[in-house]
Structures are given as C-alpha cells and as structure tokens.
K.L.:
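Okay, here's the structure, questions in a sec.
The sequence lines fix the lettering, A, B, ..., with proteins before strands; numbering per chain opens at 1.
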Amino acid sequence: MTLDLRYTEEQEQLRDSVRAMLADHAGWARVLRVAESPEPDDADLWRLLSVETGLAALAVPEHLGGAGATLAETAVVLEELGRAAAPVPYLGTAVAAQLLLHLGESDLLRELAGGGIVAPALPFDVGPAGRRLPDVEVSTAGDGSPLLNGTISGVADALRATVLIVPAGGALFAVDAEAPGLRRTAVVSLDETRPLCDLAMWNAPARLLAAGDRATSALDSALVAGAVLLASEQFGLAQWCLDTTVEHLRTRYQFGRPVGSFQALKHRLADLWVELVQARAVARYAVACAASGDPDARLAASLAQAHNGPLAVRAAEECVQMHGGIGFTWEHPAHLYLKRAKSASVAYGTAAHHRAALAALADLAPA
Amino acid sequence: MTLDLRYTEEQEQLRDSVRAMLADHAGWARVLRVAESPEPDDADLWRLLSVETGLAALAVPEHLGGAGATLAETAVVLEELGRAAAPVPYLGTAVAAQLLLHLGESDLLRELAGGGIVAPALPFDVGPAGRRLPDVEVSTAGDGSPLLNGTISGVADALRATVLIVPAGGALFAVDAEAPGLRRTAVVSLDETRPLCDLAMWNAPARLLAAGDRATSALDSALVAGAVLLASEQFGLAQWCLDTTVEHLRTRYQFGRPVGSFQALKHRLADLWVELVQARAVARYAVACAASGDPDARLAASLAQAHNGPLAVRAAEECVQMHGGIGFTWEHPAHLYLKRAKSASVAYGTAAHHRAALAALADLAPA
Amino acid sequence: MAEPVTAESLRERVDGFLAGHDPAGERLEFLRARFDAGLAWVHYPVGLGGLGAPRVLQPVVDQRFAAAGAPDNSPRRIGIGLGMAAPTILRHGTAEQRERFLRPLWTAEEVWCQLFSEPGAGSDLAGVATRAVRDGGGWLIDGQKVWTSMAHQARWGILLARTDPAVGKHAGLTYFLCDMHAPGVEVRPLRQATGEAEFNEVFLSGVRLGDELRLGAVGEGWAVARTTLMNERVAIGGAALPREGGMIGVLARTWRQRPELRSPALHDEVLRLWVRAEALRLTGVRLRQQLAAGEPGPEGSAMKLAFAALTQQISGVEVELLGAEGLRHDHWRADRPEELDLIGRGPTYRWLRAKGNSIEGGTSEVLRNIVAERVLGLPAEPRSDTGVAWKDLPR
Amino acid sequence: MAEPVTAESLRERVDGFLAGHDPAGERLEFLRARFDAGLAWVHYPVGLGGLGAPRVLQPVVDQRFAAAGAPDNSPRRIGIGLGMAAPTILRHGTAEQRERFLRPLWTAEEVWCQLFSEPGAGSDLAGVATRAVRDGGGWLIDGQKVWTSMAHQARWGILLARTDPAVGKHAGLTYFLCDMHAPGVEVRPLRQATGEAEFNEVFLSGVRLGDELRLGAVGEGWAVARTTLMNERVAIGGAALPREGGMIGVLARTWRQRPELRSPALHDEVLRLWVRAEALRLTGVRLRQQLAAGEPGPEGSAMKLAFAALTQQISGVEVELLGAEGLRHDHWRADRPEELDLIGRGPTYRWLRAKGNSIEGGTSEVLRNIVAERVLGLPAEPRSDTGVAWKDLPR
C-alpha cells in the first residue's frame with residue numbers, strides 16, 4: 001500500500017475556492033428554485049463551472065483546453081458539489097470525460113472543455129456492478145453510417161447535453177443531441193437537483209466511437225470512474241448533513257437547553273461521524289486507485305459504493321429527523337439532500353449490487 | 001385470526017409459582033456453580049421440576065402421570081426458565097414429549113412423567129429450518145432387532161437422559177442411555193447452563209418407534225415445537241436482561257446522577273423494550289398455533305425464531321455493555337445469559353435458516 | 001338506566017332505532033338522531049351521545065349500524081375532534097361547553113383542529129409562546145402555530161396559550177377553544193418534503209375569544225393538554241390488518257411480480273422486513289385483544305415507534321429494489337390530502353412520507369423518553385427548565 | 001546537539017552504536033546502553049533516552065535495530081509504562097523522578113500498571129474514592145482499584161487518589177507512583193466472562209508512600225491524569241494490517257473453506273462485514289499517513305469505536321455460520337494472558353472477548369460523548385456534579 005489517501009495542498013486550495021464559489025452561486029434557496037423550475041439544471045452555475053473556471057474539464061489535458069488534472073481533483077470538486085446538492089450535470093460530464101480520454105477522442109474532449117455537455121446515455125443504475133445495459137439496435141443508413149433504434153430510461157445529466165454517448169450492439173456511438181429521431185423526455189424525478197430523462201431513438205444518426213474490446217474497456221473504465229466519483233459526492237453530501245445538523249442542534253433550544261446537549265442525539269451523531277471518517281478513507285482510496293490505474297480500482301469502486309451510498313442516505317435521514325418538523329418542510333434544504341442521497345444510492349449500481357460484485361472480487365462465493 | 005395471544009389467568013398463576021420456586025432454587029450464584037461444575041445440570045432442581053411438581057410433564061396427559069396441560073403452559077414455564085438461565089434439561093424433554101405424544105408412546109411418556117429424562121438425539125442446530133440430520137445407519141441384530149451405528153454431534157439436554165430418541169434411516173428409534181455401544185461425550189460448551197454432548201453409537205441396540213411418514217410427521221412436529229418453545233425461553237431470557245439492566249441503571253451513580261438518567265442509554269433500552277413487546281406477541285402466536293394445530297404453525301415457528309433468536313442475543317449484549325466492567329466479570333450473571341442467548345440463537349435453526357424457510361412459506365422466492 | 005348495558009341490549013336498541021329512522025334518509029338528520037339516542041359513543045354520558053356503557057361495547061353498535069347501511073360520521077376526517085377535542089371537553093368542560101360542542105363534533109358538522117405545536121415549541125410543547133392576555137371579559141390571542149392538520153377546514157381549534165410568562169413554563173398555560181372563523185385567524189398551507197401541504201401554519205393576530213371558550217381554569221392548561229395528549233397516543237394504532245395488509249404487502253407483491261428486479265442481498269432484506277412487519281402486526285392483534293378485554297397496556301407506544309421505523313425501511317428497500325425505475329416520482333403538486341395514505345401513491349412518495357411518521361404525533365425521540373421513564377421506570381434527566389420563569393428560559 | 005536530527009543522521013548513530021554493542025550480547029546491558037545513547041525514544045530529551053528529535057523519526061531507529069537482530073524491550077508487555085506512565089512522568093515529574101523511573105521503565109526492568117478505575121468509578125474516573133491521607137512526611141493510601149492489567153507483574157503503578165473529599169471531585173485528587181511491593185498492596189486476579197483473568201483487583205490497605213512518590217502538586221491529580229488518558233487514546237490504534245489481516249480474515253477463510261456452512265442470508269452479512277472491515281482498515285491507513293506527516297486528527301477515536309462494534313459483529317456471525325459446531329468452546333481455565341489476542345483461540349472466545357472491546361480503555365458510551373463534544377462541538381449535558389463537594393455527591 002503506497003497510495004496516498006490524504007488530500008494534497010493543491011486539492012485543499014481547490015476545495016476552498018469551489019466551496020466559496022458555491023456559497024455565492026449555489027445557496028440552497030437557489031437550488032430549491034432550480035429544482036422547482038422546469039429547467040433541468042442551473043445553466044448559470046454550469047457556465048461558471050465550465051466556461052468560466054474550467055472546473056468541468058479538470059481531467060481533460062491542457063492541449064485540449066482542459067486543466068490537465070486528474071480524477072483525484074475532480075473528486076474534490078464533487079465533494080463540494082455534493083455539499084451543495086448543486087444542480088449541474090457535472091458527474092455525467094466527468095464520467096464522459098473519462099470515457100473519451102480512454103478512447104483519445106480529442107474533438108469531443110475539446111467540446112467538453114469548451115463548456116459542452118457530453119452525457120453517457122446510461123440508465124442511472126447501471127454501473128460496474130448493477131443492472132445490464134438496455135438493448136439499442138444498430139442499423140445502417142444508405143450511406144453506410146450507423147443509425148440507432150431503442151430506448152434508454154432514467155438517464156441523468158442528459159437533458160441539456162449537446163452530445164450523448166450511447167452504448168449499442170456492443171459498441172459505443174456519439175449521437176448529436178439535436179439529431180433527428182432522438183427524443184428526450186424529462187422524468188418527474190425523486191431528485192430534482194439531478195433529474196432523469198428517457199431517451200428514445202428512431203433511426204437516430206450516430207458516429208461510431210469504438211467497438212469490441214476497446215468499447216468494452218472504455219465503458220468499464222467510465223463506469224468505475226462513475227462509481228468512484230459518486231462516492232466522493234456522497235461523502236460531501238453526508239458531511240453537509242452532519243455539519244448542518246450539528247449547527248442546528250447547537251442553536252435550537254428545547255426544555256431550556258440546546259437540543260444538541262441531549263445525549264441520545266449526541267451519540268447518534270458521534271456514530272455518524274465514525275462512519276464519515278471511514279467514508280472519506282474509502283472514497284480517497286477509490287480515487288487514488290482509479291487515478292493511478294491500480295489493479296485494485298474495481299474492488300475499490302465497489303467498496304466505496306457499498307459503503308458510501310447507504311451512508312449518505314443515513315446521514316440525510318438523520319438530518320431530517322434531528323431537525324424535527326422543520327426538516328420535513330419544503331422550505332428547509334434537508335429534503336433536497338435526502339432525495340439526492342437516495343437517488344445517488346441507486347446510481348452506478350446499488351450497494352447490494354456492489355456487495356455482490358465484491359463477492360467475486362474478494363473471492364467470497366455465494367452459498 | 002381468532003387465536004388468543006394473551007395469557008390466561010391460570011397461566012399467570014403458573015408463572016408466579018414457577019418464578020417463586022426458581023427464585024428459591026435457581027439463584028444465579030447457584031446457576032454459576034452448576035455451570036462451573038462437571039455436572040451437566042442441576043439434578044436437585046430437575047427433581048423439583050419433574051418428580052416433585054410435575055412441571056416437566058405439563059403436556060403429558062393425566063392418565064399417563066402428566067398434568068394434562070398444553071404447549072401453551074409449557075411455554076410459560078420456559079419463559080421463567082429463560083429468566084433464570086436454569087440449568088435443567090427441560091426444553092429437550094418438552095420436545096421429546098411432543099414427539100412421543102404424536103406417536104402415542106405411552107410407556108415413554110409415563111417414564112418422562114415419572115422424572116425420567118428423554119432427549120431427542122439431534123444436533124442442537126437442527127430445526128424445522130436449518131441443517132440436515134446426521135446419517136445414522138440401521139442394521140439388524142441376530143434376533144432381528146435394530147442396531148444403530150453413527151455419531152451425532154452437539155446434542156443438548158442428553159447427558160443425563162435415560163432414553164434417547166434417535167432419528168436414523170428415515171425412522172425413529174428409542175435407545176436406552178445405558179445401552180452397550182452408546183457413548184456420550186461431554187462437550188466444553190459456550191453455554192454451560194445447557195451443555196452439549198456428542199453421541200457415538202456402535203451397534204447400539206434400539207427399539208423402533210416409527211418409520212416412514214409417521215416418523216417424519218412426528219419429527220416435524222417435534223422440531224416445530226422446539227422452535228416454538230425456545231422462542232418463549234428466549235423472550236424470558238431477554239426480559240431478564242432488560243429488567244436487570246434497568247435495575248442496575250436505576251441504582252448505579254456516575255457523574256453525580258443515576259446512570260439510568262443518561263438519555264442515550266434510555267433510548268437504547270426503550271428500543272429494546274419495543275422489540276420485547278413484539279417478541280412476546282410472536283412467541284404467543286407461535287405457541288397458540290402449535291397448541292391448536294393451526295396450519296400456520298410452521299410459519300409462526302420460523303417467524304418466532306427469526307425474531308426472538310437475535311433479540312435475545314441483543315438483549316444480553318446490551319445487558320453486558322450497560323453494566324460496564326462489572327457485566328464482563330465472571331462473578332456477575334450477565335455472561336451466563338449472554339452465552340445462553342447465543343447458544344439458543346443457533347438452536348433449532350438459526351435466524352438465517354428460518355428466514356430462508358419463510359421465503360418458501362410466505363411465497364417470497366429467492367433471486 | 002338502572003339495568004346494565006350489554007351487547008345484547010345494545011343490539012336491541014340499535015334495531016329499535018333503525019326501525020324508526022331510515023338509514024337511507026337524510027344523513028345529518030340520521031346522525032343527530034343517533035347521537036340523541038345515546039348510540040353515538042356509548043361510553044359517553046347519557047344526554048351527550050352515550051349511555052354510560054363500557055367502551056369495549058362500541059364496536060357492537062358500529063357494526064350493527066354499518067350492517068344496516070347507515071351513514072357514518074366520516075370518522076377519519078374528524079379524527080382530531082373525536083380523538084382529542086371530545087375527551088378533553090368531556091373531562092374538563094363546563095356543562096354548557098359539553099352541550100354546545102360535542103353534538104356537532106360527533107356529527108361532523110364542525111371539524112376540529114389542534115393548535116399546540118409552534119415553531120419554537122415542538123418536542124417541548126409546554127414551551128409554547130402564543131400569548132393570551134385578558135381583554136375585558138375575554139382574551140386576546142397572539143402567536144403562531146404550526147403542523148396544524150385540517151386547520152383550513154376546521155370550525156374550532158383546541159388551543160394552548162401562555163397566560164403568565166413570569167411563572168414556570170407548565171404553570172403559565174391556559175387551554176382555549178379557538179373559533180377558527182374569528183377575525184385575526186389566518187391559515188396558510190405548510191408544504192412538506194413530499195410537495196404536499198397536509199398541514200398548515202396558523203397565525204393568530206389579535207384574535208378575541210370570549211371567556212366561555214376557556215377550557216379549564218387559568219393556569220391549568222398543561223393538565224388539560226395532558227388529557228388531550230394521552231388520548232392522542234391511545235388513538236394512534238390503526239385498524240387491524242390482515243397479513244401483508246400494510247406497506248410490506250406492496251413490497252412483497254413487487255418482489256413476487258418482478259423477478260427480474262431480485263437480487264440475493266435484497267432477498268434477505270425483504271425477509272427481515274417481512275418478519276418485522278408480521279411481528280408488529282401480531283403485536284397489534286395482541287394489543288387489541290388486551291384492550292377489548294379491558295386490559296390496556298403501554299404497547300401502543302411500542303407500536304408507534306416500530307411502525308415509524310418499519311415504514312421508513314420498507315419504502316427505502318422498495319426504491320432500492322426498483323433501481324432507476326424507483327427514482328421516478330408521480331408529481332410534486334402541492335396537494336392538500338386529508339388522510340395519511342402510505343399506499344395510494346408510488347414508492348418515492350411512500351419513502352418520503354414515511355419520514356414524517358417518526359416526527360408527527362410526538363417524535364420518536366420524545367416517545368423513547370416517555371417509554372424509558374413511564375414504562376421502564378428509568379430516572380428522568382436533570383431538568384434545566386424547572387423552577388425558572390418561562391420568560392427567563394434560554395430559547 | 002545543535003545540528004538537527006534527521007533520518008540519515010539517526011541511521012548513522014544507530015550504526016555507530018551497533019559497532020560498539022553486540023546485539024547478540026547480554027539483553028539488559030544492550031538495552032541500557034541504547035537508552036543511554038539516546039536511541040530509546042528519540043523524541044524524549046537528551047539524558048532521558050532520547051535526542052529531542054521529531055517523534056515521526058522513531059520508526060527509523062526501531063527498524064534499524066530490528067534489522068540488526070537487536071533485542072527489543074518487549075513493548076507490548078510494558079505497554080502501560082511506555083504509553084501512559086512515561087509521558088506523564090516526563091511532563092509532570094521532578095528531575096529526580098524522571099531520572100529514577102524512565103530508564104528501568106523503558107528497558108522493561110520495571111513493569112508498570114495503572115491504578116485508576118474503581119468499582120464505583122468507571123466511566124466517571126474523577127469520582128475515585130481511594131483515599132490518600134498525610135502521614136508524617138508521606139501518605140497513607142486506602143482503597144480498592146479494579147481492571148488493573150499487569151498488576152500481578154508490576155513493580156510500580158500510576159495511582160489516582162483523593163486527598164480532599166470536601167472539594168469538587170476534580171479538585172480533590174492527587175497523583176502518585178505506587179510501590180506495588182509496599183506492604184498493604186494486595187493483588188487478586190479478576191476473572192472475566194471469557195473465564196480468563198487478564199485483569200486484577202488491587203486492594204490498598206494502609207499503604208505508605210513517601211512524598212517523593214507524589215507526581216504533580218497536591219490537588220492537581222486530575223490534570224496529571226488527563227495527560228495519561230490522552231496518551232492512552234493515542235496509543236490505541238494498533239499496527240497496520242494487510243487486507244483481511246484482522247478478524248475478518250478468519251471469517252472469510254471459514255466462508256471459503258467450508259462451503260457446506262454457507263447460506264444466502266449469511267453471504268450478504270459476510271459481505272457487509274467485509275466492507276466495513278476494509279473501510280476501517282483503510283481509515284487506519286489514512287490515519288497513519290496523517291500521523292506520519294505530523295497531522296494528527298481525531299480519527300483514532302473513530303477507529304476504536306468502529307473496531308469494537310466490528311469485532312463483536314464479525315465474531316457473532318462466525319459463531320452463527322458454524323452452527324452447533326460454533327458452540328464448542330476450547331476451555332474455561334482461568335488463564336492469565338498478558339496480551340489481547342482475538343485470533344489465537346476459537347470463535348466463541350473471540351465473540352466473548354470482543355465484548356470487552358467496547359468497555360475497556362473507555363467505554364464506547366464515554367467515547368461517543370467525547371467525540372460529540374470535542375470533535376463535533378456539541379454542547380455538554382447539564383452537569384449534576386460540579387460545584388458540589390465530592391463527599392456530598394450521590395453514589
């Protein structure tokens with residue numbers, strides 16, 4: 001074990017600046033307004049994160065317009081986006097970037113670095129462990145170019161995407177979001193800070209990106225990256241829930257004393273903190289493995305999801321409960337985190353799927 | 001649902017008298033001494049329960065020397081024996097009685113009612129759900145009488161038994177405990193209030209009790225009765241743990257206040273009480289079903305074990321933890337209950353086995 | 001009335017009543033007549049809708065009326081009136097108050113709501129800040145209440161208000177019957193995490209209430225409120241359900257009907273929840289048998305605690321089982337449902353709404369305190385709020 | 001000593017030392033010489049076994065000695081001396097005390113034990129009742145201590161005793177170094193649920209201690225004890241283990257090697273525990289990286305809490321997996337083990353012994369209080385024991 005699980009000084013600086021920016025531009029009242037609106041995300045915030053600061057293309061090489069950083073820095077940004085429950089298509093774009101990097105797709109990486117949104121066209125619960133890909137059929141147009149037919153339900157971060165990356169027939173295709181025959185239908189989603197949509201394709205023209213092993217390996221690495229990055233977002237979300245609950249309990253009085261002085265609540269929060277300490281360690285290990293191409297990356301990704309998915313839900317649930325009635329109202333941010341945590345716990349494979357994957361990876365065969 | 005889940009007045013009186021008797025004759029210091037001794041159980045207490053009061057043969061009909069009561073009364077006695085962690089072979093004898101009643105074996109029932117110990121020769125973890133029976137072979141002596149060969153490990157309540165009931169080759173046999181070729185070896189057991197033993201048979205002469213469907217159905221009903229009765233013992237044990245912990249916390253002072261005034265402990269004990277309330281209901285339902293031959297009896301037995309087995313362990317664990325250091329010493333009774341609860345959680349099928357059985361009984365098929 | 005009332009005599013009375021009153025006739029007229037015949041709530045006194053009969057005989061009457069196709073008084077809609085206001089008025093009200101309020105309450109002509117909780121007084125109900133100040137012969141009320149279900153439909157509210165801030169928090173309270181149509185009462189819907197607005201905020205600004213609307217003596221509000229709260233806890237418990245009759249049935253059916261969703265890990269999870277749901281159901285069966293036999297126990301608190309935890313977990317597993325499909329919500333409209341229905345909408349709704357089960361009607365934390373102290377007899381925590389004037393308590 | 005000590009210079013020093021001292025020679029002589037050369041604990045001051053070097057450089061020295069096959073000072077056997085007594089003597093001791101005690105402590109010539117806990121003062125350590133009364137120029141000690149590991153081997157004990165019962169409980173304490181060979185010290189083995197007697201009760205009856213054995217000022221005992229306790233918490237954490245290096249490895253191997261025992265429900269249980277064990281292991285890896293970088297954090301408390309819960313659950317599942325076979329115990333002899341070993345014996349031993357993990361070295365409840373207040377910054381509970389003379393506290 002030589003992987004460093006700490007944050008670098010640069011990463012801490014990155015965190016500080018992202019947190020300050022989100023405090024100014026993604027306060028929860030604004031997040032709630034975006035969630036209530038028919039808009040799928042916060043276009044202004046996305047512009048800030050992509051065009052203006054380049055944070056959306058951290059891992060894209062500098063010569064393609066990116067920042068030349070790694071997954072490890074991307075994960076730090078996601079911790080902060082989780083803290084803010086920020087309504088931006090950052091995760092999907094980061095996963096797309098991993099896939100495109102794997103394929104060396106310079107043009108799309110350049111588009112992404114320029115503020116374009118490239119979205120993996122995957123049901124949100126498909127991950128390195130989890131459900132199978134939907135069947136999308138590939139046919140051929142008169143000019144020999146590929147056409148796609150099929151539906152993909154429950155896709156995240158795709159409603160404002162400019163390009164979709166569609167797995168079909170064992171290969172990977174790029175589909176222009178404005179392509180004829182492609183329809184996106186917004187889904188009323190549990191988590192309106194990251195709403196899902198359904199994709200339908202009728203002879204949608206597509207461009208082949210990769211086929212065979214090359215496609216499989218690119219998709220695998222993207223799915224692992226998704227599980228890994230999401231674990232950092234979940235950690236950040238859970239940390240917000242703990243911090244916010246602690247703050248509330250320090251200042252809320254009942255029975256003539258701060259509610260946070262009641263021992264039963266203190267012990268539950270202490271236990272939650274114990275879990276959070278571990279959530280950070282597994283998230284950092286997963287990031288370190290994925291960023292360095294360590295052979296343990298796949299196991300680390302499933303470990304991180306098996307641990308952090310349920311933890312984030314539990315943190316959000318405790319946050320609601322310990323706020324009492326106020327935490328159950330629409331006008332308090334807790335429900336935004338609750339919904340996002342639950343939605344994220346399904347994303348890139350549920351904890352149950354990841355434990356099943358670990359059974360194989362850690363040689364613990366079923367009964 | 002017309003089964004009455006309450007205790008009758010007679011049952012409450014029975015409970016009072018058993019509790020008073022055990023308070024006089026099975027205080028924990030005595031239980032500890034028996035557990036430490038090479039003796040498998042408390043022979044004096046057994047004499048009191050069997051010969052002197054007839055409590056060991058409650059369910060045996062009066063014309064065979066028993067009390068002519070039912071499983072429901074036997075279960076009340078077991079609640080109290082659980083409370084006392086009493087070192088007597090009551091459970092095994094009660095299960096044997098069910099089996100013998102099913103077969104109409106008057107002679108053995110009479111022996112049992114006279115203070116004899118009849119033990120089912122089953123590994124302690126064999127139940128209506130759980131592991132399979134060990135293979136015991138049946139051969140024939142020169143005079144045509146059956147001989148048994150094989151080993152049965154981890155049998156409870158058998159060390160002082162006068163007769164063993166052995167399942168072999170799909171049939172049921174009675175084997176005299178003094179029979180040549182039968183060897184009982186005491187096992188150093190986690191729970192020395194109900195120690196296990198290993199049985200080895202080399203051409204042990206046996207008497208056929210039943211074969212075929214009759215044997216299967218008698219064994220099934222005995223195993224269901226075992227799971228059902230044990231659930232009441234587990235409830236009684238858990239109730240002792242809660243009561244004792246509450247009493248300790250009311251009288252133990254730390255930080256200038258009774259430890260029981262600390263909210264974190266109060267909430268944990270309240271949660272435990274919530275489980276206990278349910279444990280009593282499922283135990284009484286199982287008893288009511290088994291006593292009345294309700295077709296739901298098998299489901300009720302697995303439900304009761306799936307619920308009460310883990311609950312009793314948790315109650316004993318909380319008892320140890322909330323007593324602090326003193327609860328971890330040999331000279332405090334908590335460890336006797338801890339060990340008995342864990343041992344009982346394996347008996348007649350573990351909770352995991354019973355949940356698997358419920359999957360079939362409640363039509364919840366596996367993946 | 002010298003003769004004791006029995007199940008048999010009650011059945012006869014109902015049959016006699018039905019002979020003279022057509023169950024298919026005008027609903028309100030029928031209900032009023034039933035009340036006047038003492039067949040509303042038979043354990044209430046004669047003249048107030050009852051016969052002074054044992055409470056356990058009520059089902060005999062209800063079943064007889066239901067069998068005859070008689071109209072009911074929409075008991076779920078007027079649950080707060082029946083469950084909380086009525087027993088409190090009966091116990092603490094004057095003859096005039098009982099006379100005035102109980103009949104229209106029972107016939108559902110007048111809906112009631114409960115004005116207890118405040119933004120600053122949730123778990124600590126005795127800490128309410130809403131002021132009631134003497135104003136001529138009556139009272140002037142100012143304050144804000146919250147989590148008031150049915151306030152937008154209610155004619156009357158049971159109100160806890162502070163009449164003396166200079167004494168200890170329990171001592172300075174008085175209980176009122178608040179006219180929800182009085183000037184200064186403003187009801188605003190309170191939207192919750194599900195998007196709905198089951199509840200309301202109620203703003204009381206210079207609301208004038210006559211002294212005849214005071215229930216119990218000045219300064220006795222906490223004692224009166226305890227009657228209300230005690231009855232709230234008894235009321236919770238719900239009806240007897242068959243196996244898989246509750247939320248577990250939804251999960252079990254999805255498991256059975258959608259084999260493609262199953263995974264081994266969730267199988268055991270479903271089974272664990274099934275065990276807990278069935279254990280809780282049997283606990284309810286046993287509790288009802290005890291109540292019917294006149295042996296009430298504290299198990300109702302256990303049921304509320306277990307129910308809240310269980311519904312939260314079952315619905316959480318349902319969403320997980322469905323995967324991305326389980327993340328689809330039906331709508332976020334700010335509906336105003338009048339009854340809690342955890343089954344009617346989809347999995348995400350169930351999961352969100354169930355979060356409220358451990359908060360409403362006494363948080364699970366408060367309930368655990370009560371169980372620990374009143375059921376188990378564990379000592380109270382050292383208090384920080386006794387012997388201190390309410391106005392001097394930190395808030 | 002003007003030059004700063006570096007890893008390189010330390011390696012040179014060790015090599016120089018080894019050139020002059022044969023690692024295969026007489027053990028005690030070698031250890032004493034190592035101490036005198038400042039190569040015992042390099043962060044201690046010069047003259048007291050150290051070089052005033054950064055603490056993080058200690059492994060450099062230890063590894064160099066180990067590589068040369070040098071004898072060690074059996075660090076686990078003298079853990080209480082190294083981890084608790086030494087830092088306290090260093091910080092609060094007089095020059096004479098440091099001189100007298102640190103060298104034989106480090107060389108393991110003198111084993112130490114801790115005389116803090118009492119039957120009536122466990123979680124509430126500051127409530128100790130053992131009295132120390134002035135007796136001429138020294139002190140007379142009377143009382144009873146409990147949970148004292150190594151007392152039967154120890155030459156010295158660190159002792160917390162009450163010198164003034166008439167003041168608040170923290171203010172009336174004084175800290176002593178107790179001569180375990182003094183008349184009136186009686187050590188009795190304390191048998192625990194496992195059957196073993198790892199610990200002792202220590203009865204102190206009229207034990208005379210000279211005033212030179214007082215550590216810190218009279219009435220300053222609590223402040224001195226805090227140094228000890230702080231170091232106890234730092235000490236817990238254990239060594240870095242490879243994946244499956246702990247108790248989870250035993251369970252995983254049984255799962256792999258005994259397919260006939262497997263059941264689907266336990267499969268998911270084993271996987272859940274595997275996830276938690278690996279998460280905890282990685283947390284330890286990260287914590288050690290932080291410590292090595294000189295950035296200590298409060299995560300050690302998290303590790304102790306999680307470790308206790310996890311070992312209890314893993315061993316519980318192991319017994320369940322084995323079924324009746326898992327109920328076989330090896331022996332109930334009252335052995336006196338000197339080291340905690342959760343792996344060496346069987347499943348039932350592991351399960352029983354792990355119960356102690358959430359009690360010893362600060363119960364999990366006390367630790368949660370500390371985390372809530374010191375890490376999360378949640379407010380303290382109202383105290384019942386401040387501003388009250390110790391003798392007047394309810395007990």
K.L.:
Below 4.5 Å from any heavy atom of chain C, which atoms of Leu311(B) appear? Answer side chain, backbone, both or neither.
P.N.:
neither
K.L.:
Taking every heavy-atom pair that is under 4.5 Å apart, which of Arg284(B), His307(B), Arg280(B) has the most such pairs with chain C?
P.N.:
Arg280(B)
K.L.:
Side chain from CB out, backbone as N, CA, C, O: work out which of these in Asn308(B) comes under 4.5 Å of a heavy atom of chain C, or both, or neither.
P.N.:
neither
K.L.:
Checking heavy atoms, do the side chain of Glu295(C), its backbone, both or neither come under 4.5 Å from chain B?
P.N.:
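Only the side chain of Glu295(C) comes within 4.5 Å of chain B.
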K.L.:
Quick one: of Val259(B), Asp363(B), Val282(B), who has the most non-hydrogen atom pairs under 4.5 Å with chain C?
P.N.:
Asp363(B)
K.L.:
Which bit of Asp243(B) is near chain C, if near means a heavy-atom gap under 4.5 Å: side chain, backbone, both or neither?
P.N.:
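No part of it gets close to chain C.
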K.L.:
With distance as the sole criterion, is a donor-acceptor pair present between the side chains of Ser315(C) and Glu318(C) under 3.5 Å?
P.N.:
no
K.L.:
Under a 4.5 Å heavy-atom cut-off, does chain C meet the side chain of Arg257(B), its backbone, both or neither?
P.N.:
side chain
K.L.:
Can Arg15(B) be said to sit on top of Tyr7(B)'s aromatic six-ring, NZ or CZ under 6.0 Å from centre and within 45° of the ring axis?
P.N.:
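Because its charged atom sits under 6.0 Å from the ring centre and within 45° of the axis, Arg15(B) does stack over Tyr7(B).
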K.L.:
Side chain, backbone, both or neither: which part of Ala352(B) has a non-hydrogen atom closer than 4.5 Å to chain C?
P.N.:
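Interface part for Ala352(B): neither.
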K.L.:
Side chain, backbone, both or neither: which part of Pro259(C) has an atom under 4.5 Å from a heavy atom of chain B?
P.N.:
neither
K.L.:
Do we see a donor-acceptor contact under 3.5 Å between the side chains of Glu365(C) and Asn369(C)?
P.N.:
no
K.L.:
Using a 6.0 Å distance limit plus a 45 degree cone around the ring axis, check whether Arg395(C) lies over the aromatic ring of Trp390(C).
P.N.:
yes
K.L.:
So which part of Arg276(C) gets closer than 4.5 Å to some heavy atom of chain B, the side chain, the backbone, both or neither?
P.N.:
backbone
K.L.:
Please flag which part of Pro298(C) lies under 4.5 Å from any non-hydrogen atom of chain B: side chain, backbone, both or neither.
P.N.:
both
K.L.:
Is it true that Thr245(B) and His248(B) share a donor-acceptor pair across their side chains at a distance under 3.5 Å?
P.N.:
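No, no side-chain donor-acceptor pair sits under 3.5 Å.
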K.L.:
Is any NZ, NE, NH1 or NH2 atom of the basic residue among Arg243(C) and Asp296(B) found under 4.0 Å from an Asp or Glu carboxylate oxygen of the other?
P.N.:
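Between Asp296(B) and Arg243(C) there is a salt bridge, with a charged N closer than 4.0 Å to a carboxylate O.
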K.L.:
Would you please say whether a donor-acceptor pair under 3.5 Å links the side chains of Tyr348(B) and Asp125(B)?
P.N.:
no
